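Next up is a structure, given as structure tokens.
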Amino acid sequence: MSKSARVLYWFRTDLRLHDSPALQAALDLKPAALFPVWCWDPNYVYKHRVGINRFRFLLESMTDLSSNITSTQSKSQLLVVRGEPTELLPELWKRWNITHLVIEKDPSAYGRRRDRLILEAAKKSKVEVVAVQGHHLFDPEEVTKRNKGKPTMAMSTLQKIVADMGAVPKPIDAPKDLPLPKLKDSKAKNLKDTLKELAKSLDGLPHYTGKGREGPASVDLNSTELGGQRDKKVTCYDTVTGEASDLFSVPTLESLGMDRSKIRETIKGGETLALERLAKICKDAEYIATFAKPKTSPGQSAEDPSTTLMSPYLKFGCLSVRKFWWDAEEAKKKYKGGSATGPPENLNGQLLFRDMYACAEHAIGDAFQVIRGNSACRYIDWYCPTAYDKDGQVILPRPPGDAVSEARLSAYKLGQTGFPWIDALMRQLRLEGWMHHLGRHSVAAFLTRGQCWISWERGAEIFDEYLIDWDPCSNPGNWMWLSCSAFFTQYFRLYGLITFGQKYDKTGALIRKYCPELKNFPDKYIYDPFNAPKDVQQKAGCIIGKDYPFPMLDEKETKSENMQRMKICYQANLHGADKEVMNGTAEAMLRKKHGFKEPKEFDWANRPGAKIPDWAKAPEGEEHTTEGAPSGGKKGGANVKKEEEHDSDDDVLGQEDEHKEERGTKRKGATAAKSETGKNKKKK
DNA sequence: CGCTTTGTTGGTTCA
DNA sequence: CTGAACCAACAAAGC
């Protein structure tokens with residue numbers, strides 16, 4: 001059989017050639033032909049929330065994979081076909097006389113649903129399917145089976161299970177050669193002719209005209225109407241095989257209706273860069289051996305991260321997680337210093353967390369993304385939850401919640417909350433598609449149980465759209481963790497909006513970079529410019545409430561109110577799959593118990609506490625911008641524009657030099673101000 | 001991989 | 001030299 005094998009290798013979660021057990025399985029068939037295919041799935045284009053940065057990173061990764069294929073076999077490349085895989089793949093294997101379909105197993109709920117259909121179609125066509133695990137350290141299907149179908153809700157559970165599953169497999173090298181993607185009667189002598197023949201073989205196939213197989217046919221989750229970043233027409237489905245001049249090529253961002261000028265292209269995709277970065281990190285044995293996630297700083301940017309920044313590459317399989325695991329193990333052996341760190345805080349522990357979430361998602365399925373129907377998720381009566389119709393279908397667009405929560409959610413998404421730490425992190429996310437893990441903790445706790453009491457589903461949605469490394473398991477999993485809905489229960493442990501960032505970086509470099517309107521504030525007030533006396537604000541060239549929004553809520557007031565609510569929700573002990581949640585009575589029940597109030601707008605002048613600056617008591621007719629650009633109208637636009645004026649790296653460096661020079665004098669100013677207020681207090 | 005309050009310890013300054 | 005005053009660093013406990 002092996003001599004006549006003709007393999008369609010379908011890339012999905014594995015944009016790499018190194019350590020790919022699935023690709024190895026394909027080569028083990030000793031095929032006469034191997035077609036490396038990427039099917040440009042409209043379900044990913046329309047029915048998953050994907051922003052500009054993640055599409056950009058994916059396209060870069062595909063381009064790099066294609067060139068790596070060509071470097072290995074000059075007469076081959078990645079063959080990108082545009083259409084619905086369940087419609088298109090059967091045509092390909094019919095017209096290309098395929099005997100075997102080889103894939104890396106995609107363990108996510110969508111992946112499994114899609115692959116079930118593909119498997120059925122393959123069976124009908126007598127195409128043999130070979131599916132191999134390679135996206136995680138351990139096969140989530142096998143782990144779930146060993147856990148009796150239950151989700152893995154703790155690291156200790158996962159560790160216990162995988163202890164009996166043997167060691168993580170050692171990485172295998174990239175292939176030295178690849179079989180040609182040739183038709184049976186091919187006369188092609190070079191790649192260009194091969195592509196022409198392949199395109200000709202697909203003549204007569206209608207190009208794809210729908211918006212994906214899943215959900216309501218007309219819905220485009222990435223349209224601006226639904227809060228997405230697609231503002232132009234999608235043209236990538238105008239053909240099946242791409243432009244005639246560039247057959248089977250990687251689509252462009254423009255053909256997805258997206259405008260790359262709206263983002264910063266900070267983290268570039270591809271296997272080549274992933275391996276370079278891994279090699280560089282593993283050279284530093286001490287860094288690898290003593291890595292402790294809680295000690296890494298969230299106050300650093302992607303250009304100089306305190307973590308490895310490998311997650312985007314793991315997400316698309318540009319980097320094999322098993323290679324990461326073993327290269328880290330090798331590096332640790334070289335460390336001769338004191339004691340090394342262990343799981344869960346070390347690097348391998350981080351990779352195990354990724355497996356834990358994948359296995360939990362595997363057991364729960366689609367409901368892992370939401371609260372309703374999710375048995376692993378504690379039910380809490382958040383504002384702005386996902387809404388369902390009588391048949392249990394999600395209503396899109398989501399019917400608005402109360403006005404204040406909607407305004408807060410919008411301000412949060414744009415980085416206009418009035419809390420510089422939160423705003424800097426959210427702007428970093430929106431512009432660059434990445435945020436440090438602990439920064440994600442901070443903003444997630446703030447939106448949910450900390451201050452806003454808004455559903456983690458809304459936060460997960462924003463992350464879905466903006467994160468490059470978004471993952472259907474880790475992302476909802478971490479949102480449930482931080483909102484104390486699952487995995488984690490210590491709801492009284494809450495991140496301070498001023499103190500948490502300050503602990504890592506007193507100078508507020510992240511704020512100065514992403515909130516340039518605040519860059520001239522002295523260190524003392526960079527995390528809470530709203531507490532700065534008016535003369536300090538004037539000197540900094542930024543009046544709070546005018547050039548930067550007032551805080552949209554009172555940190556301490558919301559915190560204590562929400563902790564009381566959490567206590568009551570924990571006592572009620574409802575979960576997403578309970579009948580009270582499914583029939584919609586849970587919300588009213590909990591609100592009765594904790595004395596539900598609509599969230600109120602923050603009244604600066606009457607806020608509790610004794611630290612009200614004189615200038616705030618008498619606002620001098622200045623408008624309080626608690627709304628903080630949530631309408632997404634003129635104000636938001638103006639702020640975005642202002643930011644982009646400070647975009648270039650040179651400019652950022654310039655800003656940093658500036659504070660270094662000025663810091664000394666500004667500190668003196670701040671101390672003087674402090675002693676003054678001290679005197680005032682004594683007089684009173 | 002919390003924050004805040006409270007209390008302790010050990011050190012410095014200065015009348 | 002003494003002792004009050006202050007302060008930084010840390011630990012414990014409660015939310």
Side-chain angles (χ1 to χ4, degrees), chain A residues 153-156 158-159 290-300 305-309 311 341-354 356-357 380 419 421-422 425 434-453 456 459 463 469 474-506 510 524 527-528 531 551 553-571 594 607-611 667 671 674-675 678-679 681-682:
Chain A
M153 300 307 288
M155 261 296 255
S156 53
L158 180 84
Q159 284 173 309
T290 63
F291 185 91
K293 192 58 154 284
K295 285 179 187 156
T296 60
S297 170
Q300 284 170 290
S306 57
T307 47
T308 64
L309 214 81
S311 55
T341 47
E345 63 176 355
N346 73 349
L347 274 178
N348 302 56
Q350 305 311 305
L351 298 179
L352 283 169
F353 269 122
R354 180 171 171 273
M356 180 188 80
Y357 288 128
I380 293 162
F419 295 101
W421 174 241
I422 299 294
L425 289 164
W434 182 82
M435 193 195 290
H436 184 280
H437 186 72
L438 296 183
R440 300 183 197 193
H441 280 213
S442 215
V443 301
F446 169 76
L447 184 73
T448 56
R449 67 186 166 91
Q451 272 70 41
C452 303
W453 200 257
W456 64 261
F463 276 32
D469 63 26
S474 299
N475 191 49
N478 277 308
W479 274 94
M480 284 187 259
W481 181 298
L482 267 304
S483 62
C484 288
S485 300
F487 304 104
F488 181 72
T489 57
Q490 307 298 97
Y491 56 80
F492 41 81
R493 288 191 200 164
L494 188 55
Y495 302 84
L497 304 180
I498 294 151
T499 51
F500 187 69
Q502 232 162 19
K503 194 164 74 185
Y504 295 93
D505 175 22
K506 287 190 168 52
L510 196 82
K524 182 174 158 51
Y527 286 90
D528 58 341
N531 283 323
L553 45 76
D554 184 277
E555 179 183 1
K556 301 231 159 58
E557 193 183 49
T558 49
K559 173 184 163 177
S560 66
E561 198 175 280
N562 290 344
M563 275 191 191
Q564 291 167 36
R565 291 174 175 179
M566 286 303 284
K567 194 176 169 185
I568 287 170
C569 292
Y570 263 67
Q571 282 167 357
H594 65 55
R607 70 179 177 143
K611 286 190 293 182
R667 275 224 182 95
T671 335
K674 193 190 172 187
S675 60
K679 275 176 200 165
K681 267 185 190 168
K682 274 179 190 167

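Within every chain, numbering begins at 1; the chains are lettered A, B, ... in the order of the sequence lines, protein sequences first and strands thereafter. Because the structure is a prediction, the values reported are computed rather than measured.
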Query - A:Ile422 side, atom CD1; A:Gln451 side, atom CD - distance, nearest 0.5 Å - result: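 Taking CD1 in A:Ile422 and CD in A:Gln451, the distance rounds to 8.0 Å.
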Query raised in the report: Are side-chain N/O atoms of A:Tyr357 and A:Asn478 paired as donor and acceptor at under 3.5 Å?
Result: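 Judged by distance alone, the side chains do pair up.
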Query raised in the report: Base, sugar-phosphate, or nothing: which does A:Gln502 touch, judged by heavy atoms less than 4.0 Å apart?
Result: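 Since no nucleic acid heavy atom lies under 4.0 Å of A:Gln502, the category is nothing.
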Query raised in the report: Given side chains that start at C-beta, do those of A:Trp453 and A:Glu561 come closer than 4.5 Å, heavy atoms only?
Result: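 Answer no - side chains too far apart.
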Query - Base-paired stems in DNA chain B, each at least three Watson-Crick or G-U pairs under 3.5 Å - result: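 If one scans DNA chain B for consecutive Watson-Crick or G-U pairs, the stems found are B:2-15 with C:2-15.
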Query raised in the report: When you list every nucleotide of DNA chain B with an atom under 4.0 Å from a heavy atom of chain A, which one comes first 5' to 3', and which comes last?
Result: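 In short, chain A contacts DNA chain B from B:dC1 to B:dT4.
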Requested in this report: Mind running a 4.0 Å heavy-atom check of residues 490-499 of chain A against DNA chain B and sending the residues that fall below it, in number order?
Outcome: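 Close to the strand are A:Phe492, A:Arg493, A:Leu494, A:Tyr495, A:Gly496, A:Thr499.
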Requested in this report: First locate atom CH2 of A:Trp456, then atom CD1 of A:Ile380, and finally report the distance between them rounded to the nearest 0.5 Å.
Outcome: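 The distance works out to 10.5 Å.
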Query raised in the report: If we only count heavy atoms from C-beta on, is the A:Phe446 to A:Leu553 side-chain gap below 4.5 Å?
Result: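 Yes - at least one pair of side-chain heavy atoms lies under 4.5 Å apart.
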Query raised in the report: Would you say the side chain of A:Asp469 lies within less than 4.5 Å of the side chain of A:Trp434, judging by non-hydrogen atoms?
Result: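 Yes, close enough: below the 4.5 Å cut-off.
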Report task. Output the distance between atom CD (A:Gln564) and atom OH (A:Tyr491), rounded to the nearest 0.5 Å. Result ->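 Rounded to the nearest 0.5 Å, the CD-OH separation comes to 10.0 Å.
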Report task. Looking at every strand, decide which applies to A:Lys295 at a 4.0 Å heavy-atom threshold: base, sugar-phosphate, or nothing. Result ->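 Touches nothing.
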Query raised in the report: Can you tell me how far OG of A:Ser474 sits from CH2 of A:Trp481, rounded to the nearest 0.5 angstrom?
Result: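 The distance works out to 12.0 Å.
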Query raised in the report: Between atom NE2 of A:His594 and atom CG of A:Asn562, what is the distance when rounded to the nearest 0.5 Å?
Result: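 Here the interatomic distance stands at 9.0 Å.
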Query - NE2-CZ distance between A:His441 and A:Phe500, expressed to the nearest 0.5 angstrom - result: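 So the NE2 of A:His441 and the CZ of A:Phe500 are separated by 8.0 Å.
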